[in-house]
Undergrad: 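Please see the structure below; I have some questions.
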There are 2 protein chains.
Amino acid sequence: METHLLRTFVAVARGGSFSRAARDLGYTQSAISQHIAALEQDLGTALLTRRPVAPTRAGERLLEHAGPLLTRLDAARADLARLTAAPTGRVVLGLTPLSLTAEVAAAARRGTELRVLSREDVLTEVATGSLDLGLVDGMTAPSDPLPLPDVGPLTTTVVGERPLAVAVPGGHPMTGRAVRLAELADAAWIDAPDTAIPLERLRKFASTDGFRGRLRYTGTDVRGLLGLVAAGQGLALLPADVITGVSAVSLSSPRVVHRTELVHGDPGEGSALAATLTGQRP
Amino acid sequence: METHLLRTFVAVARGGSFSRAARDLGYTQSAISQHIAALEQDLGTALLTRRPVAPTRAGERLLEHAGPLLTRLDAARADLARLTAAPTGRVVLGLTPLSLTAEVAAAARRGTELRVLSREDVLTEVATGSLDLGLVDGMTAPSDPLPLPDVGPLTTTVVGERPLAVAVPGGHPMTGRAVRLAELADAAWIDAPDTAIPLERLRKFASTDGFRGRLRYTGTDVRGLLGLVAAGQGLALLPADVITGVSAVSLSSPRVVHRTELVHGDPGEGSALAATLTGQRP
DNA sequence: TTGACTTACGTTAAGCGTAAGGATA
DNA sequence: TATCCTTACGCTTAACGTAAGTCAA
């Protein structure tokens, strides 16, 4: 299972075509065919159906492994590159929308580049070196770490915790009282995994099958999401202090907080900013 | 960064010798030399010092990546192999010593092979297919999952939770009362990471630098560890119900439990046993 | 000098592209 | 028939082993 064969395999599986993968990777289509044949022989199973080109059961399974495997490989290369690289004086900070708090806003210094991304992208880009530092947010029990996927040896540090609340349209009957999360399992929710707390996470904490999204909201803009809430399209769980223009209903149980964490490999370039963010005076 | 080059690199780094790696891997020593040269050129850095052969800083870093990378690669291969493999009627269950509770003992059926291993070994061997099922134990906050390293897409299910207690020599002044874990940071502890709860974990929960081991106990035998406690060599944190022959002191804080979880990839072969262990009547 | 890695070199095989050969819609 | 994957075939090059070379203890 050589890495270039895996690369080819995911390219073919993603694109759904041998010839497309050939163009993408700069091989001839014949070479792609040979790559796939070699991989299938090595593993002793068919990985793709042809005509139409689609992963078999085994292929699906291999894809689950191949993705993380290849990003970790990129992470390793980037990690070593950082050891030798000359400092550029430029710091690229990736952040999820809700991790951009007032403190973070104040900490950014001249020359910093800020990129708002999904949680997943922040993690893999920090690992693969496209970002010097990352800030990710999420919901956990107080003082518990965020459950982040393992994309390599990254360091994570708490930057802050703050209360969560449910954003509800103004005048909503719930306004003014605290609710238990479980009561809201059947409410209309907006599924905005890259902006608010993912509904999957709510299901986990409430241990139910509920919290099914009425609308799906992709992207990373909080204001737009609040607009949808205001329009009565559904609820969203957010840090209390970002909820403006609509009502915020606090949670009485379970005890959860919104937490943001700083992640980095070798801090190198961004170590000064990292120190500021984690509250150390450098 | 082809996988065979990484394999060679870890073999050389581990064995501390090119010629030894050559013997181990079935290459000539010249080929090993060429592999390392190719990898160093690819990454643009020296990875090993020669004479003596030892990893450089960059090499150390690469090793951190290469280990997980290669086991995940093996895991992928094993995972696909399981999809095609014919059932053998034989189930191999890996378990950490403290996960062998009375319920587990009762659940094992004729033909089951049980292997007592460290937490880490159980995880990687389940991932790489040497084990059909694994049972791992550890300390967490009640109803929190165990923090297990990510070695691939494994399913984990709770098997049980039970109280923890500190094993102390009979007649110890603490006997009979409940203590806060933090009080014991400076006590004499036995560092038995593969048998009892690792001291590192205690440090995490007490948020201190204490809990330094007076003795180190490697291996997976609980009775021997209790013998050391009885001899006054130090304390150990264990599930209350395994503490016999010495006194058990319960913890008043933090609120933690001993938890055991079942892990498996594709349950396949062991699915009947898995169902019994997780309390479902199959 | 000996043990251990590197390098030169010849051989072999693997990888790639061209082009012809199916298969499918 | 057009598209797309497979296969045959020849070429190129990279990988390996042998053996000579080099370096440090």
Side-chain angles (χ1 to χ4, degrees), chain A residues 1-63 66 69-70 73 76-77 80, chain B residues 1-63 66 69-70 73 76-77 80:
Chain A
M1 248 200 294
E2 293 304 312
T3 57
H4 68 280
L5 299 184
L6 284 180
R7 282 227 149 76
T8 298
F9 173 67
V10 312
V12 172
R14 270 212 248 284
S17 152
F18 282 48
S19 20
R20 193 176 186 314
R23 277 193 301 279
D24 293 351
L25 300 176
Y27 286 108
T28 61
Q29 180 244 44
S30 162
I32 301 296
S33 197
Q34 295 174 49
H35 281 184
I36 300 299
L39 193 56
E40 290 184 324
Q41 180 149 34
D42 178 21
L43 295 173
T45 338
L47 298 171
L48 295 166
T49 62
R50 324 294 152 103
R51 247 178 264 279
V53 173
T56 62
R57 247 181 90 66
E60 297 271 16
R61 195 62 72 89
L62 183 57
L63 275 176
L69 221 29
L70 292 176
L73 214 53
R77 163 164 270 123
L80 293 222
Chain B
M1 248 201 293
E2 292 305 312
T3 58
H4 68 280
L5 299 184
L6 284 180
R7 282 227 149 76
T8 299
F9 173 66
V10 311
V12 172
R14 269 211 248 284
S17 150
F18 281 49
S19 20
R20 195 177 185 311
R23 278 193 301 279
D24 293 351
L25 300 176
Y27 286 109
T28 60
Q29 181 245 43
S30 160
I32 301 295
S33 196
Q34 294 175 51
H35 281 183
I36 300 298
L39 193 56
E40 290 185 323
Q41 180 149 34
D42 178 21
L43 295 174
T45 340
L47 297 171
L48 295 166
T49 62
R50 324 295 151 102
R51 235 182 283 271
V53 173
T56 62
R57 245 180 91 67
E60 297 272 15
R61 194 62 74 88
L62 182 58
L63 275 176
L69 221 28
L70 292 176
L73 213 54
R77 163 163 271 122
L80 293 223

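Labels below follow one simple rule: chain letters A, B, ... track the order of the sequence lines, proteins then strands, and each chain is numbered from 1.
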Undergrad: Backbone N or O of T28(B) within a donor-acceptor pair of the S30(B) side chain at under 3.5 Å?
TA: no

Undergrad: Walk me through whether L5(B) and D42(B) qualify under side-chain contact (heavy atoms from CB on, under 4.5 Å).
TA: CA-CA 10 Å; L5(B) 299 184; D42(B) 178 21; 5.8 Å; no

Undergrad: Please enumerate all residues that pass side chain to side chain contact (heavy atoms under 4.5 Å, CB included) together with A46(B), with sequence neighbours excluded.
TA: E40(B), T56(B)

Undergrad: Which atom pairs, donor and acceptor, lie under 3.5 Å between side-chain atoms of residues 7-18 of chain A and protein residues at least two apart or in another chain?
TA:
residue : atom : partner : partner atom : Å
R7(A)   : NH2  : D74(A)  : OD1          : 2.7
T8(A)   : OG1  : H4(A)   : O            : 3.0
T8(A)   : OG1  : H35(A)  : ND1          : 2.8
S17(A)  : OG   : S19(A)  : N            : 3.2
S17(A)  : OG   : S19(A)  : OG           : 3.2
S17(A)  : OG   : R20(A)  : N            : 2.9

Undergrad: Of the residues in residues 10-35 of chain A, which ones touch DNA chain D at a heavy-atom distance under 4.0 Å?
TA: S17(A), F18(A), S19(A), Q29(A), S30(A), S33(A)

Undergrad: Separation of L47(A) atom CG from dC5(D) atom C1', in whole Å?
TA: 16 Å

Undergrad: How many whole angstroms separate atom NE2 of H4(B) from atom P of dA14(D)?
TA: 13 Å

Undergrad: Could you report the tightest heavy-atom contact between L73(A) and M1(B), atom names first, then the distance?
TA: O-CE, 3.4 Å

Undergrad: Measure the distance from CD on E2(B) to P on dA14(D) and round it to the nearest whole Å.
TA: 13 Å

Undergrad: Do other residues, nucleotides or ligands put more than 12 heavy atoms under 6.0 Å from R50(B) CZ?
TA: yes

Undergrad: With the side chain counted from C-beta on, respond yes when T45(A) and L62(A) share a heavy-atom pair under 4.5 Å apart, and no when they do not.
TA: no

Undergrad: Look at the side chain of T49(A) and the backbone N and O of P52(A), then say whether any donor-acceptor pair between them is shorter than 3.5 Å.
TA: yes

Undergrad: Determine to 10° how strongly the helix from dT1(C)-dA25(D) to dA25(C)-dT1(D) is bent, judged from the axes of its five-pair ends.
TA: 30°

Undergrad: Mapping P52(A) and A37(B) to their closest nucleotides on DNA chain C, which lands nearer the 5' end?
TA: A37(B)

Undergrad: Atom CD in E2(B), atom CG in L6(A): separation rounded to 0.5 Å?
TA: 9.0 Å

Undergrad: On DNA chain C, reading 5' to 3', which nucleotide is the first and which the last to sit with an atom under 4.0 Å from a heavy atom of chain A, could you check?
TA: dC16(C) to dT24(C)

Undergrad: For E60(A), what residues pass the side chain to side chain contact (heavy atoms under 4.5 Å, CB included) criterion, not counting sequence neighbours?
TA: P55(A)

